Amino acid sequence: MTKSNERKLTIARAMAEATAQEMRIDPSVFVMGEDIAALGGVYGNTRGLLDEFGAERIRDTPISETAFIGAAVGAAQDGMRPLVELMFVDFFGVCFDAIYNLMAKNIYFSGGNLKVPMVLMTSTGGGYSDGGQHWQCLYGTFAHLPGMKVVAPSNAYDAKGLMTAAMRDDSPVVYMYHKGLQGMGWLGTEAGATVHVPEESYTVEIGKAKVVREGRDVSIVSVGMGVHNALKAAKKLEEKGISAEVVDLVSLVPLDRETIRASVAKTGRLIVVDEDYQSYGLSGEVIASVTEHDISVLKAAPKRVAFPDVPIPYARVMEQFCLPNPDKIVAAWDEMGALQPA
Amino acid sequence: MTKSNERKLTIARAMAEATAQEMRIDPSVFVMGEDIAALGGVYGNTRGLLDEFGAERIRDTPISETAFIGAAVGAAQDGMRPLVELMFVDFFGVCFDAIYNLMAKNIYFSGGNLKVPMVLMTSTGGGYSDGGQHWQCLYGTFAHLPGMKVVAPSNAYDAKGLMTAAMRDDSPVVYMYHKGLQGMGWLGTEAGATVHVPEESYTVEIGKAKVVREGRDVSIVSVGMGVHNALKAAKKLEEKGISAEVVDLVSLVPLDRETIRASVAKTGRLIVVDEDYQSYGLSGEVIASVTEHDISVLKAAPKRVAFPDVPIPYARVMEQFCLPNPDKIVAAWDEMGALQPA
Amino acid sequence: MAPTRDEQHWMYRNMVTSRRFEETIAKIYFEGKSPAFNMANGPIPGEMHLSDGQEPVAVGVCAHLTPEDVVTATHRPHHRAIAKGVDLDKMAAEIFGKATGLSGGRGGHMHLFDADVNFACSGIIAQGMGPAVGAALSRKMQGKPGVAVAFVGEGAVNQGGWHEAMNLAAVWNLPFVCVIEDNAWGISVAKSAATAVPTNDVRAAAYGIPGERVEGNDPFAIYEAAGRAIARARAGEGPSLIEVETYRLAGHFMGDAEGYRPEGEKDGLFEKDPIPAMRARLLKDGAASEEELAAIETESEARVEKAIQFARNSVDPAPEDALTRVFAA
Amino acid sequence: MAPTRDEQHWMYRNMVTSRRFEETIAKIYFEGKSPAFNMANGPIPGEMHLSDGQEPVAVGVCAHLTPEDVVTATHRPHHRAIAKGVDLDKMAAEIFGKATGLSGGRGGHMHLFDADVNFACSGIIAQGMGPAVGAALSRKMQGKPGVAVAFVGEGAVNQGGWHEAMNLAAVWNLPFVCVIEDNAWGISVAKSAATAVPTNDVRAAAYGIPGERVEGNDPFAIYEAAGRAIARARAGEGPSLIEVETYRLAGHFMGDAEGYRPEGEKDGLFEKDPIPAMRARLLKDGAASEEELAAIETESEARVEKAIQFARNSVDPAPEDALTRVFAA
Ligand SMILES: Cc1ncc(C[n+]2csc(CCOP(=O)(O)OP(=O)(O)O)c2C)c(N)n1
Ligand SMILES: Cc1ncc(C[n+]2csc(CCOP(=O)(O)OP(=O)(O)O)c2C)c(N)n1
Ligand SMILES: [Mg+2]
Ligand SMILES: [Mg+2]
């Protein structure tokens, strides 16, 4: 389907482009974080911005996440629109109060008299042996707590549109990008994430899921990297004559339960794919959202393919054992068949 | 059922008693946290310990949660058994790295060559207008992340036994006690939490749920304060001729899915009551645990009565509007009836 | 630079207003909470942290501020809010949890936000620091006037967020002042048990900025030290730190029996109550007449009375409004 | 107090071992990663932070330590681990992700734990501080000998956890030493852009403890400063802080093109490589003969070679063992 006039971008470049476009039209936008200036971000998503916008608006910070995320909240309340980076989502533990108790709650505490127009972008995920403190997903952790919108693009088109939408939002948005989708070769990269991206500015709606593949027999619901695993699994299932629908959640908060429910109502079966820890997270929420609504649509017990409840091991064989992958999704389908009610 | 020789204790006293008993037999146990010495803990759970054990073993700390929880990890790895208090669970945001990246993962990172025998006790919950930063539950937040056992007693008997079990465990245990159950009159207190507690030391098994009321028509699953709401709702339902079973989870990690599933298999209906935020948390996990196992047992879509996904409002009328209560549980039953599949 | 006569009157007025306000709140706080004291009950539920005795810090600093300047405060916010000019009616209504409150009852006593005068709070220790530094950054980037002041307790200085924010303000040379109210206690823990140095002014050296310590809870000395720091910030010369010795005349929160205080410590404090002291001084210096002071007092009382009436007479929020204003409109 | 002849040999041996180890690791790291460099591939996957140039700090400090003393390190742990006496075979195997590794492959390069010599890491900036302070507390409470040393980078000193732990160690007077390896960079951010003071020794004043700065990446000067601090800690006189000027000869991690470094900075650094410098000095001082040094070098190389062979020849963990050792046995 590649058109000759297609301009393919990596997610990293799509993020940087959206940022640059907003910065050109809105002087209140600025970027801060660790290594986002001269280095252009460890994951490339601020590359080129320092040259165009200078060190006042593209600010490297000390390794002081509590201070600079807290500062972003104060600046956002004071008329600026900060885009702030938490280099790895895994580092939230040193600064989460600034995120969940300030950024997420100050609109509410002010009764809506304040706006907190800021974006917290943070890298998630992995599968490149970075060990237990450097490639968690933590979708559930962020999505569980009120007051933040949470988005997680699976491809460059959405990445650009979500970034623009997030920067224009007057509420805080957590923008979780996946390292394995960034298009940084040194991390390995999922080719499917690098897609056509229009040059002009546009938005992708926050809170709207997308059916990225239509199907009849099973709904595979996921986000970020999981969407690519789901699409690959769908191909494998197709070879077996099974028609899988794939839902890309795009946003975790607000969660588009309508789209999920409509898909499952059609297919009658649900597999949730989540690279985050299995329990008390995304996979449970999606299943509950469907089942609390209407169990009669389900032809089989729903399934999850998620990261087991263990710290992320370093050794490649262990790490890959834990990660969701297309084969595990296919296996989930196979088990599901067996569990069909008579 | 009150026997004359019953010795009723509040949860606060039960916690202190368990701690004192362990400290008497094990010199490696010590307590640290803010205001746990002379004040005896804001919630009374270390009252009397300073007098008996002195300031070396009952240590008030600076307001430096990252340092002293991190220090507890270091001490636990070095042969001590710290019981450390995070005064309000809401404060986890200033110190969560020490909790989830050190305390929870160092056993794994050491391949089991280290033990991390520490207990992190922390107050949760409320309903006394302490506002959005002082009475969250955050069950889902802690239970989602691997490497910590998580317990949450609903009564003084369990409180003592769980504390003893936690202190004897060689792995980190997060002990979440509920302010409204502590037996501190100034917080209002749930009478049902103050029960008979044997004088001698005993343990309550971590990871085992309890059916605290048997029933036939619906399983109400909850933890902590929710158990008391569930029991009250069960009484109201009884008046309508409905027989409700109440499951007290006792532990969130490990989660006793067997007991939940067995109960729902019997009753065919599930209501989860959770004072924590609704989405991506406990309520979803319990529902998913049941439905992924076997949907055929369900006679109706499961229901949740949880705190809505908004920051906790201060004003009493708003706060009470958000909190789970027995009437909402009864209402959930009522709606459930209507949703029964034909 | 000493405060002008007008400023002295302003300072006294705000100290008295704050004290009267809190005395009134304290009385009402117990309504509905007897015979059994249960925090959840009465027209003012929840925790209540009073600032009695600490008023000099708020007025000595805020005398230098205009509404466009930014202040962040803590769990103990009333004196600072009043000195910063937060609408007293709406503030009272907020504490009563009413629909007319600053945030319509969503925030409460520990979360007073008044965008009109750039006042904000956090109930988490030291977490007002980052937002204040960020506001200072915002002003610098926008080329707009205004300094940011973060008030914290001496206990907060041992919190990591405090250190990070001080370093950030210093390395970016921001118009920021940190004011430490040293009331000697963090709940029940004495400063000496928590802080490795006797006074926190020395910690300024860690950031290469000026640090001052003001002894004696003296509004005039506070005014002068704050004046220097704020002038410096306005001139683009960067942040400073001031630690003020002050006294917590009330318990940490209402209901605190303060059994942890050394015998007799409290009595000594009441003798040092800064409000009568300032009154006497104004008279002695000839800075105010008895009549002027009486007028200030009457006026302050009336203002408090009006605010409390406003709060009492206001309606409760609609319960379901709890679900609104999570995100910006 | 200068190091003895034996200590000097020990220091040189450990510096050489560390350097040879990392050179070997660096070479193997690229196996399987070409033509396209992809971190996930090859026998050593993931991020790799080398300590080339920083060896003097590790040996100058650890020369004073015994296995019972506690050390915590960071994302850049090799030189410290080697100087602390971590089993080199198991350490290599861990980095290769093998079943015979320190943690059977669960931890990896940033999570080297060796309980036998009380060595631990955290890959999160400044988060080795708390555990080290806690170990110091544990020794004090148990009346057992041993000091705890936390190694951190200069970038970590701006992190809140660093401040909290320093204050805690000081207020409790613990046998703790914080060693700051100032390699001038935190990834791509220069110290001057991140830290409000030129040198971090001045930050000791914030905790009322001694602070020293050692210039020039000089193993002997480091040895002396560390000796003072550790002796103080052993004597029960409390914590100290040492900042050492050192040089990062490699990129922040392997693959780092270091485009952010000012032109020519790197060339200057290589001239200051501390290993040839120490070699020359030992010869000049007559502290070692050419033969002795050659023997040390050969021996170090052999030790590294053996460790790498051990790692290469070890088996992978069973994939499903990922699910074990989450909780204590
Ligand atoms: C991070 C965090 N830890 C603990 C608390 C609980 N707490 C509330 S006030 C307080 C004492 C604060 O002391 P200080 O900073 O001196 O302020 P003061 O109360 O004296 O005004 C504590 C420990 C909190 N709110 N936030
Ligand atoms: C809390 C936290 N923030 C950011 C990082 C990412 N990070 C890893 S190393 C590093 C630079 C550290 O600099 P420094 O402390 O000087 O140590 P060096 O790398 O120079 O040894 C950063 C920012 C992290 N690991 N943890
Ligand atoms: Mg104080
Ligand atoms: Mg460095």
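Note that this is a predicted model, so its numbers are computed, not measured. Quick note: numbers below take in every heavy atom, side chains included, and nothing from hydrogens, waters or symmetry partners.
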- In sequence, state the C-alpha distance, the side-chain angles, and the governing distance for B:Phe88 and B:Gln133, and then conclude on side-chain contact (heavy atoms from CB on, under 4.5 Å). CA-CA 9 Å; B:Phe88 291 70; B:Gln133 293 178 333; over 6 Å; no

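- Residue contact with chain A, scored on non-hydrogen atoms closer than 4.5 Å, is absent for B:Leu270.
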- Working for side-chain contact (heavy atoms from CB on, under 4.5 Å), residues B:Glu258 and B:His293: CA-CA 10 Å; B:Glu258 302 306 309; B:His293 180 66; over 6 Å; no

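- Interface check for chain B: of the options A:Asp309, A:Thr291, A:Ile99, the most heavy-atom pairs under 4.5 Å are formed by A:Thr291.
- With chain A as partner, the option from B:Phe96, B:Phe109, B:Tyr280, B:Phe307 having the largest number of non-hydrogen pairs under 4.5 angstrom is B:Tyr280.
- Ranked by heavy-atom pairs under 4.5 Å with chain B, the first of A:Gly147, A:Gly140, A:Gly131, A:Ala143 is A:Ala143.
- Remark: of the listed residues B:Val223, B:Ile287, B:Val221, B:Val223 is the sole one forming a side-chain contact (heavy atoms from CB on, under 4.5 Å) with B:Leu282.
- Interatomic distance, CD of B:Glu285 versus CG of B:Leu255, reported as 6.5 Å (0.5 Å rounding).
- Options A:Gln136, A:Gln278, A:Arg304 differ in how many heavy-atom pairs under 4.5 Å they form with chain B, and the most are formed by A:Arg304.
- No salt bridge links B:Glu335 with B:Lys328; every basic N to acidic carboxylate O contact stays at or beyond 4.0 Å.
- For the pair A:Asp276 (side chain) and A:Leu138 (backbone), a donor-acceptor distance under 3.5 Å is present.
- The greatest number of non-hydrogen atom pairs below 4.5 Å with chain B, out of A:Ser283, A:Gly284, A:Ala104, A:Ser289, is found for A:Gly284.
- Ranked by heavy-atom pairs under 4.5 Å with chain B, the list A:Gly281, A:Ser279, A:Cys95, A:Pro313 is led by A:Ser279.
- Closest of all the heavy-atom pairs between B:Val310 and B:Tyr277 is O-CE2, 3.3 Å.
- Atom CZ of B:Arg269 and atom CD1 of B:Ile220 lie 12.0 Å apart (nearest 0.5 Å).
- Interface remark: A:Tyr108 contributes side-chain atoms only to the contact with chain B (heavy atom separation under 4.5 Å).
- For B:Pro308, no part lies near chain A; criterion is any non-hydrogen pair under 4.5 Å.
- Ranked by non-hydrogen atom pairs under 4.5 Å with chain B, the options A:Phe92, A:Tyr100, A:Phe91 are led by A:Tyr100.
- In this structure, chain A has no heavy atom under 4.5 Å from any part of B:Thr66.
- At a 4.5 Å heavy-atom cutoff, A:Tyr139 makes no contact with chain B through either its backbone or its side chain.
- Neither the backbone nor the side chain of B:Tyr314 comes within contact range of chain A, judged by heavy atoms closer than 4.5 Å.
- Contact count against chain A (heavy-atom pairs under 4.5 Å) is highest for B:Leu252 among B:Val290, B:Leu252, B:Asp294, B:Val253.
- Two rings, from B:Tyr175 and B:Phe142, have their centers 6.0 Å or more apart.
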